[in-house]
> 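First the structure, then my questions, so here it is.
Note on naming: letters A, B, ... go to the chains in the order of the sequence lines (proteins, then strands), and numbering restarts at 1 for each one.
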Amino acid sequence: MKRYITNPPFSDSILKTVLFSSRHFASSAATAPLDLEEDIGGFTGASFGGIIQDKDLLWKTPNGGLYVLDLIDNGATDPNATLYNQLLKRCTQLGRLKEGRLVHAHVLNSSYRNYVAVQNSIINMYAKCGSPVEARKVFDEMAERDMVSWTAVITGFSQNDRAQEALGLFVEMLRDGFVPNQFTLGSVLKAATAVGEMEGRQVHAVCLKSGHGDDVYVGSALVDMYAKCGQMEEAEVVFDGLTSKNEVCWNALIAGHARKSEAEIAVRLFSEMKKAGFEATHFTYSSVFAACASIGALEQGKWVHGHLVKSGLKLIAFVGNTLLDMYGKAGSIEDAHKVFDRLVKRDVVSWNSMLTACAQHGLGRETVECFEEMRSRGILPNEVTFLCVLTACSHSGLLEEGLYYFELMKKLKLEPDISHYVTMVDLLGRAGQLGHAEKFIKEMPIKPTAAIWKALLGACRMHKNIDLGAYAAERVFELDPYDSGPHILLSNIYASAGRLRDAANVRKMMNDSGIKKEPACSWLEIENNVHMFVANDDSHPQRNEVRRMWEKIADKIREIGYVPDTSHVLWYVDQQEREVRLQCHSEKLALAFALLNTRHGSTIRIKKNIRVCGDCHTAFKFVSQLVGREIILRDTNRFHHFRGGSCSCGDYW
DNA sequence: ACACTCAGAC
């Protein structure tokens with residue numbers, strides 16, 4: 001039984017209240033001579049709409065309530081379902097939980113308390129205002145429920161990070177004999193996506209069975225579900241099968257590829273989306289820039305940036321921050337700066353992204369200056385801000401500053417989390433304060449994690465402290481036994497101290513547990529093609545030319561002072577073999593390739609999946625001097641700018 | 001005229 005009611009015509013008394021209330025119509029009512037006939041024509045029906053839409057009128061009552069409720073209380077009008085629904089909808093739009101509760105209370109005192117449509121509006125209001133529990137309470141107390149009630153309450157849990165409860169309600173709904181429609185399925189899929197792949201697949205089956213598989217909302221949620229499970233092929237199948245598409249399903253697909261760092265695909269889909277006649281939204285740009293950022297695809301990112309400029313979309317923080325981050329991660333600190341300067345409005349994230357970009361490029365002083373400017377402008381720093389600043393200090397050897405900012409952070413009542421402690425251990429360790437770092441770990445209020453000990457181990461490798469290094473490595477092996485990195489670090493610590501037997505034992509232990517070292521690789525993009533190089537790998541079509549080129553370069557830099565440093569190479573091969581292997585490092589091959597295939601004088605940008613080796617770092621400095629070009633090398637977490645024989649990191653990395 | 005899908009910084 002449906003109990004929709006129609007909107008009764010307004011009575012004269014409301015009109016009078018509305019028209020003569022100087023409190024709410026101060027200017028117009030006070031000055032304009034009143035012609036009742038005309039005004040009736042002008043206000044009928046629209047008067048409530050006007051009040052409800054106008055934020056000032058909606059809330060402006062002396063007791064902090066809602067004007068329309070006052071009108072009802074004063075007997076100026078009788079309430080009706082539509083009026084309540086409109087009010088609830090407005091509270092929902094504006095996210096006003098408190099006022100929504102007032103309307104709810106008012107409904108309970110009215111004769112509309114059992115109207116399903118009104119109750120549904122109340123559920124929806126609570127759901128959207130972040131109070132799924134209150135929504136559930138109203139739902140539970142309903143004598144009769146319809147599809148909308150179920151959908152509203154399920155959505156409440158789905159949108160408030162309580163996916164499991166949303167799915168529970170969905171099951172109950174099916175048990176009650178309801179057949180879900182596209183509205184329900186949209187929300188349920190979102191919840192299922194958060195719970196797991198199996199649940200997602202089950203709901204997909206329900207979508208097909210109930211005949212809603214081709215709805216855009218359901219389809220978008222399905223694409224997103226498969227994308228978030230990492231099943232991009234299945235996401236594409238669902239996407240291709242949709243008879244009508246919209247921006248959202250395109251965005252879901254693009255975002256999926258972006259999460260997998262598949263920048264080429266994300267960019268290709270971006271252009272296909274435009275060709276298909278859809279406008280890219282802030283969501284689209286944000287995803288594509290994030291994808292480019294993750295692999296450092298500067299040229300592709302720039303190309304998409306061009307489209308953003310042409311689109312006329314404002315450079316709001318939401319997309320601007322990602323763009324800034326992309327330029328930072330793709331190696332162009334200049335462009336990152338330009339974006340920062342052009343942002344319409346900067347939020348904390350904008351500042352954090354700028355700080356991150358400076359920190360990643362080894363600009364410790366600039367990072368600190370940027371932070372001070374941020375504070376002087378009254379922007380409240382958060383935990384991430386301090387992480388950026390501490391990282392910058394650590395990477396640039398600003399020990400005193402780092403210690404100062406760590407204290408400042410606590411003074412500002414921001415609680416350092418484990419990542420801040422890791423950075424502090426890194427800061428102390430890199431600066432050679434190993435004892436201090438060890439003491440810091442002992443005294444920290446949180447239980448040290450593997451990352452803490454890895455930071456200490458790295459510092460021990462750098463400063464050749466065998467005993468502490470072995471101790472730190474033991475802690476890492478307990479907490480994160482399958483990471484190859486710490487094994488190799490420890491083995492190298494022993495090897496460089498001449499303790500070859502110990503080094504061999506670590507290698508053996510590693511091999512016995514089946515731990516594989518991640519192969520080092522370097523890559524660069526030239527005209528939208530990515531060229532990848534792996535040490536001692538012969539797969540590149542120009543491999544012979546590349547090798548010969550590097551030999552030529554190596555000879556030339558030897559003449560200006562380069563001496564190969566073999567201490568970083570595996571200790572169990574003889575000296576000559578060591579040198580051969582050293583000259584096959586992936587970053588050297590990539591550099592030789594760049595010299596062969598890029599314009600004279602242009603900046604060379606190379607990316608590497610692990611930390612650059614010491615010998616390559618030295619060689620790159622000499623090459624930058626030899627050829628008079630800037631070389632930018634991206635490590636796992638920082639950039640080296642080689643120019644005129646030196647590096648921006650000041651050999652501190 | 002009460003219900004649905006896509007999102008960024010360390």
Side-chain angles (χ1 to χ4, degrees), chain A residues 2-4 7 81-82 84-86 88-89 92 115-125 127-128 135 145-156 158-159 180-191 193 207 212 215-225 227-228 242 245-256 258-259 280-291 293 316-326 328-329 347-357 359-360 382-392 417-420 422-423 637:
Chain A
K2 278 195 176 177
R3 289 181 298 197
Y4 291 121
N7 194 359
T82 304
Y84 281 131
N85 282 340
Q86 282 180 335
L88 287 161
K89 188 177 184 176
T92 306
Y115 277 60
V116 175
V118 177
Q119 290 171 314
N120 289 347
S121 287
I122 294 170
I123 295 175
N124 184 47
M125 180 276 296
K128 297 285 162 53
R145 301 164 188 134
D146 62 13
M147 279 303 299
V148 179
S149 327
W150 281 101
T151 306
V153 73
I154 289 173
T155 304
S158 171
Q159 292 187 349
N181 62 20
Q182 65 273 35
F183 290 92
T184 334
L185 291 169
S187 268
V188 171
L189 272 168
K190 185 186 161 85
T193 302
C207 295
H212 294 292
D215 177 81
V216 221
Y217 280 82
V218 173
S220 301
L222 282 170
V223 170
D224 183 52
M225 185 271 289
K228 287 202 175 122
L242 290 175
K245 300 178 170 60
N246 64 8
E247 306 80 40
V248 178
C249 59
W250 277 100
N251 288 347
L253 187 65
I254 292 173
R259 273 190 294 269
T281 66
H282 284 128
F283 289 92
T284 326
Y285 285 105
S286 170
S287 299
V288 177
F289 291 141
I316 55 167
F318 180 80
V319 63
N321 294 347
T322 330
L323 180 61
L324 198 172
D325 183 55
M326 185 275 288
K329 293 213 172 96
D347 58 14
V348 200
V349 178
S350 318
W351 286 92
N352 289 350
S353 305
M354 194 64 238
L355 290 168
T356 303
Q360 280 168 340
N382 62 19
E383 288 84 353
V384 178
T385 315
F386 278 98
L387 187 63
C388 300
V389 175
L390 295 176
T391 305
D417 66 28
I418 191 71
S419 62
H420 298 92
V422 172
T423 310
N637 52 13

> So if I take every side-chain heavy atom of A:Val148 and compare against B:dC4, B:dA3, B:dC10, which nucleotide ends up nearest?
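Nearest listed nucleotide: B:dA3.
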
> Applying side-chain hydrogen bond (donor to acceptor under 3.5 Å, both in side chains), name anything that partners A:Asp215, two or more places apart in sequence or on another chain.
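With neighbours one apart ignored, the set is empty.
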
> Examine B:dC6: is either OP1 or OP2 under 4.0 Å from a nitrogen or oxygen in the side chain of A:Lys190? Give yes or no.
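Looking at the OP1 and OP2 atoms of B:dC6, one of them is under 4.0 Å from a side-chain N or O of A:Lys190.
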
> Remember a base hit wins even if backbone is also touched, and classify A:Asn352 as base, sugar-phosphate or nothing at under 4.0 Å, heavy atoms.
base

> Report which part of the nucleic acid A:Thr155 touches: base, sugar-phosphate, or nothing (heavy-atom distance under 4.0 Å, all strands).
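The answer is sugar-phosphate, as A:Thr155 gets under 4.0 Å only of primed atoms, P, OP1 or OP2.
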
> Quickly work out the A:Met225 CE to B:dC4 P distance and round it to whole Å.
20 Å

> Between P on B:dA3 and CG on A:Asn85, what's the gap in Å once rounded to a whole number?
9 Å

> Among A:Asp347, A:Asn382, A:Asn321, which residue satisfies the side chain to side chain donor-acceptor pair (under 3.5 Å) criterion with A:Asn352?
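Per the side chain to side chain donor-acceptor pair (under 3.5 Å) rule, the option paired with A:Asn352 is A:Asn382, out of A:Asp347, A:Asn382, A:Asn321.
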
> Compute whether any side-chain donor of one residue and acceptor of the other, for A:Asp146 and A:Ser149, lie under 3.5 angstrom apart.
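Present: a donor and an acceptor within the cut-off.
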
> May I ask you to verify if any side-chain N or O of A:Lys329 is less than 4.0 angstrom from the OP1 or OP2 atom of B:dC10?
yes

> Regarding A:Val216, tell me which of base, sugar-phosphate or nothing describes its non-hydrogen contacts under 4.0 Å with the strands shown.
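If one applies the 4.0 Å heavy-atom cut-off, A:Val216 turns out to touch a base.
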
> Any chance the side chains of A:Thr92 and A:Asn124 put a donor and an acceptor closer than 3.5 Å?
no

> Check the distance between B:dC4's P and A:Leu242's CG and give it to me in whole angstrom.
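Going from CG in A:Leu242 over to P in B:dC4 covers 20 Å.
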
> For B:dT5, does either OP1 or OP2 sit under 4.0 Å from a side-chain N or O belonging to A:Gln159?
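It does, given that an N or O in the side chain of A:Gln159 lies less than 4.0 Å from OP1 or OP2 of B:dT5.
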
> Rounded to whole angstroms, how far apart are NZ on A:Lys245 and C1' on B:dC6?
16 Å

> Which nucleotide sits closest to the side chain of A:Asn382: B:dA9, B:dC4, B:dA3?
B:dA9

> Mind calculating the distance between CH2 (A:Trp150) and P (B:dC4) to the nearest angstrom?
17 Å

> Could you work out which one of B:dC6, B:dC10, B:dT5 sits closest to the side chain of A:Thr356?
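Nucleotide nearest to A:Thr356's side chain: B:dC10.
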
> Would you mind reading off the distance between A:Asn251 atom CG and B:dG8 atom P, rounded to a whole angstrom?
11 Å

> When you measure from the side chain of A:Ser286, which nucleotide among B:dC10, B:dG8, B:dC4 comes out closest?
B:dG8

> Remember a base hit wins even if backbone is also touched, and classify A:Asn124 as base, sugar-phosphate or nothing at under 4.0 Å, heavy atoms.
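Sugar-phosphate contact only.
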
> When you get a sec, tell me which of B:dA9, B:dG8, B:dT5 is the closest nucleotide to the side chain of A:Ser220?
B:dT5

> Taking only the side-chain heavy atoms of A:Gln360 (C-beta and beyond), determine which of B:dT5, B:dA9, B:dC10 contains the nearest atom.
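Closest nucleotide to the A:Gln360 side chain: B:dC10.
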
> To the side chain of A:Asn321, which of B:dA3, B:dC10, B:dG8 is closest?
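The answer is B:dG8, which lies nearest to the side chain.
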
> Base, sugar-phosphate alone, or nothing: which one does A:Arg145 contact when heavy atoms must sit under 4.0 Å apart?
nothing

> Choose from B:dG8, B:dA9, B:dT5 the nucleotide whose nearest atom is closest to any side-chain atom of A:Tyr217.
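Taking heavy atoms from C-beta onward, the closest nucleotide is B:dT5.
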
> Under a plain distance cut-off of 3.5 Å, with no hydrogens placed, do A:Thr281 and A:Thr284 share a side-chain donor-acceptor pair?
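Checked: A:Thr284/A:Thr281 side chains pair up, N/O donor to acceptor below 3.5 Å.
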
> With rounding to the nearest 0.5 Å, note down the distance linking CE in A:Met147 to CD1 in A:Ile154.
7.5 Å

> Which residues pass the side chain to side chain contact (heavy atoms under 4.5 Å, CB included) test with A:Asp325, not counting sequence neighbours?
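Result, side chain to side chain contact (heavy atoms under 4.5 Å, CB included) vs A:Asp325: A:Ala293, A:Lys329.
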
> With a cut-off of less than 4.0 Å, is there a side-chain N or O of A:Lys128 near OP1 or OP2 of B:dC4?
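Yes, because at least one side-chain N or O of A:Lys128 sits under 4.0 Å from OP1 or OP2 of B:dC4.
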
> Would you mind reading off the distance between A:Glu383 atom CD and B:dA9 atom P, rounded to a whole angstrom?
17 Å

> Look at A:Ser353 and B:dG8 and indicate whether a side-chain polar atom (N or O) is within less than 4.0 Å of OP1 or OP2.
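Looking at the OP1 and OP2 atoms of B:dG8, neither is under 4.0 Å from any side-chain N or O of A:Ser353.
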
> Reckon A:Ser121 touches a base, only the sugar-phosphate, or nothing at all at heavy-atom distances under 4.0 Å?
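Sugar-phosphate only.
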
> Grab the CG-P distance between A:Asn246 and B:dC4 for me, whole Å please.
15 Å

> Counting side-chain heavy atoms from CB outward, which of B:dC10, B:dC6, B:dG8 is closest to A:Asp347?
B:dG8

> Looking at A:Asn120, does any N or O in its side chain come under 4.0 Å of the phosphate oxygens OP1/OP2 on B:dA3?
no

> For A:Ala227, answer base if it contacts any base atom (sugar-phosphate contacts may also be present), sugar-phosphate if it contacts only those atoms, and nothing otherwise; contact means non-hydrogen atoms under 4.0 Å.
nothing

